[in-house]
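As the structure is a prediction and not an experimental result, all values here were calculated from the model. Indexing begins at 1, ligand by ligand and atom by atom, following the structure's order. Values below: every heavy atom of this structure, side chains too, minus hydrogens, waters and symmetry copies.
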Amino acid sequence: VTARVSLDDRVVIVTGAGNGIGRAHALSLAERGARVVVNDLGGAVDGSGSSGAAERVVAEIRAAGGTAVASTDSVATAEGGANLVRRAVDEYGRLDAVIHNAGILRDRTLAKMSDTDVTAVLDVHLAGAFHVLRPAWPHLVERGYGRIVLTSSSSGLFGNFGQANYGAAKTGLVGLMNVLALEGARHGILVNAIAPTAATRMTENLLGDLTDRFDPRHVAAVATFLASEQCQLNRHILTVGGGRVGRVFLGVTPGWYGGPEPATPDDIHAAVDEICRLDDFVVPDSGADEVTLIQRVLSGGTGPTAGGSSPAGPAA
Ligand code: NAI
């Protein structure tokens with residue numbers, strides 16, 4: 001029997017919580033007892049304009065008996081991130097978790113992409129994470145506890161035509177997760193990411209026949225778990241949409257070893273199929289772990305699948 005997921009008294013910031021998936025996160029967290037800081041500047045999908053989206057979600061939470069406060073700070077600036085964290089701590093005296101969900105789209109092919117299409121998207125998704133997490137971090141470290149949930153995307157993890165800016169930002173968040181997970185572990189701070197698919201204004205007309213099945217609440221259940229004390233995962237990416245939940249990971253194939261002398265480009269050309277074959281792999285626990293795996297090969301091991309702490313691929 002597993003313990004019930006509880007966020008009783010926890011103070012959780014959710015960025016971009018005025019609409020869509022973030023709104024579902026906020027409602028779900030509040031239902032599990034969290035005091036929620038509902039952050040949203042309330043702009044359009046491309047980030048322009050503003051409205052009372054955060055206040056509306058706070059009103060919904062309060063009407064359901066929950067506890068929440070609104071913040072209309074933009075996470076696209078360091079000042080906005082600092083104000084948001086200050087609001088949480090001023091209001092509730094502590095901070096336990098951050099779900100960085102705010103996002104915008106400026107879809108164009110690279111050939112047509114302007115500088116501001118690049119910076120606007122990077123500023124909200126990727127720099128936005130730094131803007132909120134840098135001021136949040138000392139509060140988590142101080143209490144020796146924290147949960148951080150970042151929002152990645154299949155568009156970055158696997159690619160999507162016309163989303164170079166967005167895809168880069170979303171996979172940049174995976175790099176951030178990998179490093180913060182290592183830095184946070186000794187402070188009780190666990191850092192994970194989700195890659196959601198949900199019917200929101202952002203995906204209007206994209207999900208086809210089964211659109212109704214992609215309720216953002218499917219995503220909120222995963223984020224609520226990852227933001228809870230019951231979650232012991234660290235450095236994981238969970239993909240969730242329409243009720244299917246899976247894990248996305250970065251693995252390394254056993255590859256090819258050409259001996260101590262530097263290989264020639266022709267050697268690589270000849271070995272390229274063996275290098276890229278996916279029938280076996282490992283999932284390193286860190287960059288240093290990958291170096292250890294290489295060293296094992298150099299010192300005469302049979303390859304990175306020869307052992308180690310990493311979960312092995314399907315053939316092992
Ligand atoms: P949405 O457009 O409904 O919600 C995004 C919210 O972020 C909006 O309320 C917006 O006002 C807010 N926001 C934008 N810029 C902000 C800023 N500078 N400061 C504070 N808030 C800001 O979109 P949706 O679909 O709910 O997206 C939520 C997250 O999930 C985003 O990070 C998105 O990239 C990601 N995602 C969504 C997918 C989907 O299938 N809907 C697929 C993959 C990722």
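- No donor-acceptor distance shorter than 3.5 angstrom exists from the side chain of Q230 to the backbone of A227, with no hydrogens or angles considered.
- T72 approaches L41 most closely through the heavy-atom pair O-CB, 3.6 Å.
- Between the R106 side chain and the A120 main chain, no donor and acceptor come within less than 3.5 Å of each other.
- Salt bridge annotation for D96-R94: present, with a cationic side-chain nitrogen under 4.0 angstrom from a carboxylate oxygen.
- Between E60 and R23, at least one side-chain N (NZ, or NE/NH1/NH2) sits under 4.0 Å from a carboxylate O, which counts as a salt bridge.
- For ligand 1, the protein residues placed under 4.0 Å by at least one non-hydrogen atom are G16, N19, G20, I21, N39, D40, L41, G42, G43, D73, S74, V75, A76, N101, A102, G103, I104, V124, H125, T151, S152, S153, Y166, K170, P196, T197, A198, T200, R201, M202, T203.
- Using a distance-only test at 3.5 Å, with no hydrogens or angles considered, a donor-acceptor pair links the side chain of T211 to the main chain of G208.
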